Undergrad: 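Below are the structure tokens for one structure; questions will follow.
Computed from a predicted model, the values in this text were never measured in an experiment. Note that these values count all heavy atoms, side chains included, but never hydrogens, waters or copies made by symmetry. Along the sequence shown, the residues carry numbers beginning at 1.
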Amino acid sequence: MYENLPILRGMYFTMFQYYIITAYFALTVAILGTFVTDIILNWALHCTKPKNEIEYEFERSEPDSPCADRNDRIQSYEQSNDMNSEEDDIMPIERRARCGKTRCKGISCLNSTIKVLIIVLEILLALLILGYLDLLLVFDIIEGGLKITSFKFLLFMSILICLLIRFYEKFEPRKCTQKIISVVFIVSLPLIFALFYAQLTFIKGFCLCIWNQATPGLNHGEGHLSSAYTRSHMPSTCPVDETPCLLYVTLPENSLNEVFINFHVNVESCEGSCTPTLLWKEYTTGLDLQDSSNWNKFTINASDYESPKNEYSKRYIYTAYMKSLKPNTRYVFQITSSSWKSQTAKTYVYKTFDESKIVIVDGGDVGNSHITETMNKNTVSKIEMDLIMLGGDIAYDNNIAACYRSWDYLIKRLPQQRTDPVTGLTRLIPTIYGVGNHDMGINPYNGAKITHNANEPAFKHYFPQNTYDGKIPYGTDRKSYSLQKIGNLLEIYSLDTGYDTKMEGEQMEWMILNLERNSATYRFAQYHGPVYSACKQDAHFDHTVSDKGKKYWIPIFDRYNMTIVFENHTHSFKRSKRIKNGKEDSTGTLYLGEGNWGVKKPSGVCVPENADLHVKSTLDNNIWKVEVTPTGIIATAYNENNEQLDRTTIDV
């Protein structure tokens, strides 16, 4: 069960981990208490020992005791005070050792009994304190590099030195041992410093995420780990000799006549200022694709995105906002710049929507797993589609800036570039990106504030999906919800189930305003957390989202005749009945999906919430192919082997 206790953004404690952390701090407090007790005991011993301390060091022995002559000498020393160290050395070592083990008396006995225990506990305390400080340093480096860790680093080393000195005094070594410990002490400090520095070097730009097993890095089970250092030794996802290195299409509100063409460029690809130009022209039969001298052009400025500080490879992100396009028309374009060191000047094509038929592929919980690769290769790539809809938990970067490569690999592997049968060029398929917990790095309604800066959330910086006053807003100002309207045929509402924006209030009012204003034949909605869950017993099922959805959103869906709603998050598969007012109704909304594009199938049996309202509910990996025409809709589900799981139709 997930708790709202973030250790890193996007990473949450399970109940077991919560108990471990609680035990960790409980042990720290206990050992700290022992540490303080030891100090008090030492003070008490110092204050309460009588002047004649030797009397307490050995028990008065019987005449035949091995220590008898030793104790006689003590008495003699007390009387004559002329027992010197040379005389003391006359006593055989074996007997002296035995005498040293004789039973003690008084408070000195207590000190001898717990001395070893206190040393052990103090060592554990040192490890816990140093481990905790080290953890703070790690988080600082992950978040912002070395610049804010200086104080903690000095504190770390100071405590380490103090503890080493403390142990040095505690063991009270003899001369020979003293030399050995001194050498170890002198040698250990630079070694510790070197090891710590190596750790800092390795963890700078630390990325920890899940469902990215098919990406380079340290992968184990569901987890993926990399750092700026390890990534510097891997193939770049934005090479210098590829301009642009990433290219993909998103949609503004007027998706029939406008489009966002997004691309990335490595900073080192440019000589001087990097000012790319987009050349474009409407495609007509006989157009000379080799001669772009008379094509339309406009210069594009970079967005406000900045690569994470610790990265060895930096990039710019650009968006070309193309307007006034004709429906069902092909437009060819090139991206070029006089400042680029090398240019490929490849020609691409984008085709605007044809309202007579639109084919959509929908799914959620994608990732960069081997299952994702199989789904893309066997199923998605074989569908002739016009649009991709992704309903959250897309790249699983957890809103960690250093995990930006999760998005790079997802974009490169998503079958959103096809060979166009008419022009023979590479055609770009637009994608609508919905937001999920692993995109924003928090669970819904957990009270945490999402960081918005020059590289976080990458979800917003990478994917513009709305405009403000006819312009592209900066990444930090973009909304987590959007509307894409395709003429009079289709409206698509991509919503946020409480991660960056609450389900009620601003977002709900915005949705009502647009539903009142528009009147398309069909209305779709996609979001991450399900309202009518396919697997209510699953660890991913969130009752807050379900309850708020039924309170705030479902009445709106019913009132404005939402046609299909795509839900995700529980890593399962479902199709509901048509639902209105919480009951089956032939004029109601159809709920599909549940998010299982590329993640591992959960174990167990899927028990849907409101089972009487579901037609199918399983744990299969799946995507939906939705064919939309003015006369009706055909929705077909497939698994990763391109096998049909389900099929349903909706007539106008």
Side-chain angles (χ1 to χ4, degrees), residues 242-263 276-300 318-338 340 342-361 376 380-389 411-412 414-432 484-490 492 520-521 625-632 634:
E242 290 185 20
T243 50
C245 56
L246 283 179
L247 178 63
Y248 53 96
V249 171
T250 54
L251 297 170
E253 294 86 348
N254 181 4
S255 301
L256 185 65
N257 308 109
E258 300 176 355
V259 67
F260 292 136
I261 295 178
N262 312 282
F263 59 96
T277 299
L278 187 138
L279 308 173
W280 65 278
K281 190 173 184 63
E282 178 183 336
Y283 177 79
T284 56
T285 304
L287 177 66
D288 185 359
L289 298 176
Q290 305 303 317
D291 181 12
S292 58
S293 58
N294 63 343
W295 291 14
N296 304 307
K297 67 172 64 176
F298 57 86
T299 302
I300 311 157
Y318 298 90
T319 297
Y321 182 14
M322 297 179 67
K323 307 177 185 179
S324 305
L325 306 179
K326 300 176 183 177
N328 192 24
T329 303
R330 285 174 169 81
Y331 291 88
V332 293
F333 66 91
Q334 295 177 356
I335 300 169
T336 184
S337 174
S338 58
W340 288 350
S342 62
Q343 299 191 46
T344 53
K346 185 177 178 180
T347 304
Y348 301 89
V349 62
Y350 173 73
K351 180 179 177 294
T352 53
F353 291 103
D354 178 1
E355 290 185 86
S356 66
K357 183 178 181 180
I358 298 173
V359 178
I360 302 171
V361 169
N376 290 344
V380 181
S381 62
K382 294 179 180 178
I383 299 174
E384 293 297 326
M385 58 192 172
D386 303 296
L387 174 65
I388 301 172
M389 293 171 56
I411 293 168
K412 287 176 178 288
L414 193 67
Q416 48 98 19
Q417 294 190 13
R418 307 297 185 82
T419 300
D420 180 50
V422 175
T423 63
L425 302 173
T426 299
R427 176 188 172 190
L428 272 67
I429 308 297
T431 304
I432 299 174
Q484 281 72 38
K485 188 173 183 297
I486 305 175
N488 295 317
L489 180 67
L490 179 63
I492 301 174
T521 304
K625 173 186 175 183
V626 183
E627 302 169 75
V628 184
T629 67
T631 58
I634 301 173

Undergrad: Check Q416 against I411 and note the closest heavy-atom contact, atom names and distance.
TA: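 Taking every non-hydrogen atom into account, NE2-O, 3.3 Å.
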Undergrad: State which residues pass side chain to side chain contact (heavy atoms under 4.5 Å, CB included) with E355; sequence neighbours excluded, sorted by chain then number.
TA: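 E355: side chain to side chain contact (heavy atoms under 4.5 Å, CB included) contacts with L256, N488, L489.
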Undergrad: What is the distance from atom CD1 of I358 to atom CG of L490, rounded to the nearest 0.5 Å?
TA: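 The CD1 atom of I358 sits 6.0 Å away from the CG atom of L490.
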Undergrad: Ignoring hydrogens and angles, state whether a donor on the side chain of N262 or T319 is under 3.5 Å from an acceptor on the partner side chain.
TA: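 Per modelled atom types, N262 and T319 side chains form a pair under 3.5 Å.
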Undergrad: State whether the side chain of T277 and the backbone N or O of S337 hold a donor-acceptor pair below 3.5 Å, judged by distance alone.
TA: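 No; zero donor-acceptor contacts below 3.5 Å.
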Undergrad: Determine which pairs satisfy side chain to side chain donor-acceptor pair (under 3.5 Å) with at least one residue from residues 278-290, sequence neighbours left out, and list them in order.
TA: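 Checked against side chain to side chain donor-acceptor pair (under 3.5 Å) - neighbours excluded - the pairs reaching residues 278-290 are E282-K326.
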Undergrad: With rounding to the nearest 0.5 Å, note down the distance linking CZ in R418 to OG1 in T426.
TA: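 Here the rounded value is 11.5 Å.
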Undergrad: Where is the tightest heavy-atom contact between V332 and W295, given as atom of each residue plus distance?
TA: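 In terms of heavy atoms, the two residues are closest at CG2-CH2, 3.7 Å.
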Undergrad: State, with a plain yes or no, whether a side-chain heavy atom of L387 is found less than 4.5 Å away from one of I492.
TA: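 They are in side-chain contact.
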Undergrad: Measure the shortest side-chain to side-chain distance between E253 and K485 over non-hydrogen atoms and say whether it is less than 4.5 angstrom.
TA: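 Counting from C-beta outward, E253 and K485 never come under 4.5 Å.
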Undergrad: What salt bridge (Lys or Arg N to Asp or Glu O under 4.0 Å) pairs are there with at least one residue in residues 421-430, not counting sequence neighbours?
TA: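 Sorted pair list: D386-R427.
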Undergrad: Between Q484 (side chain only) and L251 (backbone N and O only), is there a donor and an acceptor less than 3.5 Å apart?
TA: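 Such a contact is found between Q484 side chain and L251 backbone.
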Undergrad: Does V249 reach the side chain of Y348, with side-chain heavy atoms less than 4.5 Å apart?
TA: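 The answer is no, as the side chains (C-beta and beyond) never meet within the 4.5 Å cut-off.
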Undergrad: If the condition is side chain to side chain donor-acceptor pair (under 3.5 Å), which residues does D291 pass it with, not counting sequence neighbours?
TA: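 If we apply the side chain to side chain donor-acceptor pair (under 3.5 Å) test to D291, skipping adjacent residues, the hits are S293.
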Undergrad: To the nearest 0.5 angstrom, please state how far the CG atom of L278 sits from the CE atom of M322.
TA: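 Rounded to the nearest 0.5 Å, the CG-CE separation comes out at 6.0 Å.
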Undergrad: If you take all heavy atoms of S292 and Q334, which pair is closest and at what distance?
TA: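 S292 and Q334 have their closest heavy atoms at OG-OE1, 3.5 Å.
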Undergrad: List in chain and number order the residues that pass side chain to side chain donor-acceptor pair (under 3.5 Å) with T423, two or more places apart in sequence or in another chain; answer none if no residue qualifies.
TA: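 Testing T423 for side chain to side chain donor-acceptor pair (under 3.5 Å), a comparison that skips the adjacent residues, returns D420.
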Undergrad: So, F263 versus Y318, ring centres under 6.0 angstrom or not?
TA: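 That pair passes the under 6.0 Å test.
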Undergrad: Would you say the side chain of V422 lies within less than 4.5 Å of the side chain of V349, judging by non-hydrogen atoms?
TA: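 No - every pair of side-chain heavy atoms lies 4.5 Å or more apart.
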Undergrad: Measuring only between side-chain heavy atoms, which start at C-beta, is E627 closer than 4.5 Å to K357?
TA: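 Side chain of E627 against side chain of K357, heavy atoms only: contact under 4.5 Å found.
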Undergrad: Do F333 and L428 come within less than 4.5 Å of each other through their side chains, counting heavy atoms only?
TA: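 Counting from C-beta outward, F333 and L428 do come under 4.5 Å.
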Undergrad: If you round to the nearest 0.5 Å, how far is CD1 of I360 from CD1 of I383?
TA: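 Result: 11.5 Å between the selected atoms.
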Undergrad: Not counting sequence neighbours, which residues clear side chain to side chain donor-acceptor pair (under 3.5 Å) with N257? List them please.
TA: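 Result, side chain to side chain donor-acceptor pair (under 3.5 Å) vs N257: N254.
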Undergrad: Are V259 and T352 side-chain neighbours, meaning at least one heavy-atom pair lies under 4.5 Å?
TA: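 V259 does not reach T352 side chain to side chain.
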Undergrad: Using 0.5 Å steps for rounding, measure from the OG1 atom of T243 to the CD1 atom of I335.
TA: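 So the gap between those two atoms works out to 9.5 Å.
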Undergrad: Would you check if N296 and F298 make a side-chain contact, meaning some heavy-atom pair closer than 4.5 Å?
TA: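 No, their side chains stay 4.5 Å or more apart.
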